[in-house]
Protein chains: 2
Amino acid sequence: MTIKDIAKACGVGVSTVSRVLNNRPDVSDDVRRRVLEFVDNCGYIPNNSARDLVRSRSDAIGVVVRGTGNLFFAEMLKTISSLIEKSGHTMVLHFIDSDADEVKAGAILEREKKLIGLIFLGGRYDYTPAELSLIGVPYVCCTYTNRFGSLSEEDYASVSIDDYAAGYSAVEHLISLGHRRIAALVPSLSDSSVSELRYCGYCAALKEHGIEPDRELIAEAGGCFEIPEAYDCMKTLLESGVEFSSVFAASDTVAIGAMKAIEDKGLSIPGDISVIGIDGLVVTEYANPTLTTLVQPAEEMGRQSVEMLLSLLEGAKTTRHLLVKPALRIGASVRKI
Amino acid sequence: MTIKDIAKACGVGVSTVSRVLNNRPDVSDDVRRRVLEFVDNCGYIPNNSARDLVRSRSDAIGVVVRGTGNLFFAEMLKTISSLIEKSGHTMVLHFIDSDADEVKAGAILEREKKLIGLIFLGGRYDYTPAELSLIGVPYVCCTYTNRFGSLSEEDYASVSIDDYAAGYSAVEHLISLGHRRIAALVPSLSDSSVSELRYCGYCAALKEHGIEPDRELIAEAGGCFEIPEAYDCMKTLLESGVEFSSVFAASDTVAIGAMKAIEDKGLSIPGDISVIGIDGLVVTEYANPTLTTLVQPAEEMGRQSVEMLLSLLEGAKTTRHLLVKPALRIGASVRKI
DNA sequence: AACGTTACCGGAAACGTTTCCGACCCTTCG
DNA sequence: CGAAGGGTCGGAAACGTTTCCGGTAACGTT
């Protein structure tokens, strides 16, 4: 069944059928109705390859995910996937390693699959306009904030929580409960704007309250917010003998690893050490103890990313930047001292 | 840059270039080398739309995931995605709700995207040959075992752990440590072969050891191995006043929810109640207490699924069935009584 | 020497759509 | 009454590839 068959069956030309199917004007209501009615009943499935060929582009939106051990992305992916589908597009998913270059990966993907748009999940912090110009289609950087000014506002679109505020709030919460010696567990700072910003929030909150950040309390975990790396990192910190009453984990997955390391040392949470995370993963609501964390709404952010990309695809010239406010979710992993 | 350009540049015909690019015979070594050399240096990107159009099929493999809250699938997806990519195909991911029909969804997806193959993650237990015949391309049912004989071996291909054995071993482990009153927490039995089989393993192990399964100890959670549903289900069971010393959770996510419910009631694990799961999620290695579970190797199973599908695509007539043996991972959530 | 076979190659059709262009009819206006 | 213009439509080119088919040259066989 092709549009040629439809044309023949309806006694019209193929171009007319094409116009009807694409909601174009220049078709009389009478013909439009006739064609539409026939199409509805004949089980016609458009041939995307043919459309893509002549338009020399596809209907696919690429999603590049960096940091696959990060459960937060898994939570977002479902929303993103279903919204992309609902909008009539196809999602092309691409996982990359934490040390890979997502812009390059996205650019390759774009050309190979003839993407019309891209969503990046888990960004570095040091994009340059030159790099980004490799990408020839609209894109949204989700989970990325250009806090360090390597880009101007018009260079990109973004959806993220205010990672700086999240780090700041987390630490402020600890301080408000009497903590002064607060360790920080952050994934490779240079790899991610998220990590970097949350760390900066940590430092700022400390300074704001008259506490000088202590190099000894800052542990840089490898990887991309993965649990095992966080565990190892926390273990090393504990064995270093440095004193602290609480841990600021740069993400919930990091917190999960950290909590385990603490417990394995025979220490209790929050009895001996308090732990706070950022992300608000579902699973940490069911952890023991329940993690106190700053929630970034996965579904909301996924939805906003897709909607923003779609509006860019429709030609909206105003590249927007959405900064969601993180919300404190009080668990049982932090105590007053 | 098209193959026509390449043909012109190399002084050969387009069909020759096409043959070279597709590794076809009937090309002299000399010409082949010349074309290949040129192609390597000119940054040619094949136009998939054109290829798909003339072949009237794409290069895409569909992955239909049912039960999105199940973290196990998230762990598999990365492997599946990267292997599909590495094989030169495109992955089309499709999440469906726990009450949706994955065969129908797969069939639609197949036609719309002109898929060449499908992988199903999270299957029902009651497929019929008639239903499956809706799917016109090779497919692999991952996480599905045709234990109930509605299908014959040639009707499908599958990769899964021996879910029956997993349920059996889990319960046997509990019994070997002195447990006799073992509650079972299973997601909607009728929805999933996995759930059903693990439950059967549970019953069989009990009977084998002279314990009659007690209806009161069996709690059916809604949903698809989701944490919150499991929590609610466990909570209800605890409040029902039935006595038991341990819980057989049909999956690790179920176990996570169950453990939380138990702790929220002020009971300790494994002090008051032991918990055993199935899946071997990374996150449960870092739970408190570490979950005792039967590991199904996510990466291995993802790899096998893709490889099996690829071999089917190459025309292998032997539909295979892989049944991975689950491995007991001892944690701290079960105690001897 | 004639013929068959093999290896290699190029031309051209075909895939199903979009879109450009021209054509037709009808209305309106000078 | 003729021209202009808008509304409606169909034909055909074009997109870039694969594949069928036919052709040529070289070589071996009878």
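Quick caveat, the model's predicted, so the values are computed rather than measured. So you know, we letter chains A, B, ... as the sequences are listed, proteins then strands, and number each from 1.
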Assess whether atom CG of B/Asp40 is packed by more than 12 heavy atoms of other residues, nucleotides or ligands within 6.0 Å.
yes

Can you tell me if the side-chain N/O atoms of B/Ser56 get under 4.0 Å from OP1 or OP2 in C/dC15?
no

Closest-nucleotide ordering on DNA chain D, the 5'-leading residue of B/Arg24 and B/Ser49
B/Ser49

Whole-Å distance, A/Arg19 CZ to D/dG7 P, equals 14 Å

Check every strand shown and say whether A/Thr2 touches a base, only sugar-phosphate, or nothing at a heavy-atom separation below 4.0 Å.
sugar-phosphate

Remember a base hit wins even if backbone is also touched, and classify B/Asn22 as base, sugar-phosphate or nothing at under 4.0 Å, heavy atoms.
sugar-phosphate

For A/Thr90 and B/Lys113, test the side chains for any donor-to-acceptor distance below 3.5 angstrom and give the result as yes or no.
yes

Looking at every strand, decide which applies to A/Val27 at a 4.0 Å heavy-atom threshold: base, sugar-phosphate, or nothing.
sugar-phosphate

Supply the atom-to-atom distance B/Thr16 OG1 to B/Asp26 CG, rounded to the nearest 0.5 angstrom.
9.5 Å

Reading DNA chain C from 5' onward, which residue's closest nucleotide shows up sooner: B/Pro25 or B/Ala50?
B/Pro25

Check the phosphate of C/dC9 against B/Ser28, side-chain N and O only, distance under 4.0 Å to OP1 or OP2. Yes or no?
yes

How would you label the contact of B/Asp26 with the nucleic acid (heavy atoms, under 4.0 Å): base, sugar-phosphate, or nothing?
base

Less than 4.5 Å apart, side chain to side chain, heavy atoms only: is that true for A/Leu77 and B/Leu77?
no

If you look at every strand shown and take non-hydrogen atoms under 4.0 Å, does B/Val12 touch a base, only sugar-phosphate, or nothing?
sugar-phosphate

For residues B/Ile80 and B/Arg303, determine if any side-chain heavy atom of one lies less than 4.5 Å from a side-chain heavy atom of the other.
no

Any B/Thr16 side-chain nitrogen or oxygen under 4.0 Å from OP1 or OP2 of C/dG10
yes

May I have the distance from B/Arg51 (atom CZ) to C/dA14 (atom C1'), rounded to whole angstrom?
17 Å

How long is the line joining NZ of B/Lys4 and P of D/dA14, in whole Å?
9 Å

What is the distance, rounded to the nearest whole Å, between atom CG of A/Asn48 and atom P of C/dT17?
9 Å

With a 4.0 Å limit, can you tell me whether A/Tyr44 has a side-chain N or O closer than that to the phosphate oxygens OP1/OP2 of C/dT17?
yes

Can you measure B/Lys8 atom NZ to C/dG10 atom C1' for me and round it to whole angstrom units?
14 Å

d(CE, B/Met1; C1', D/dT17) in whole Å:
15 Å

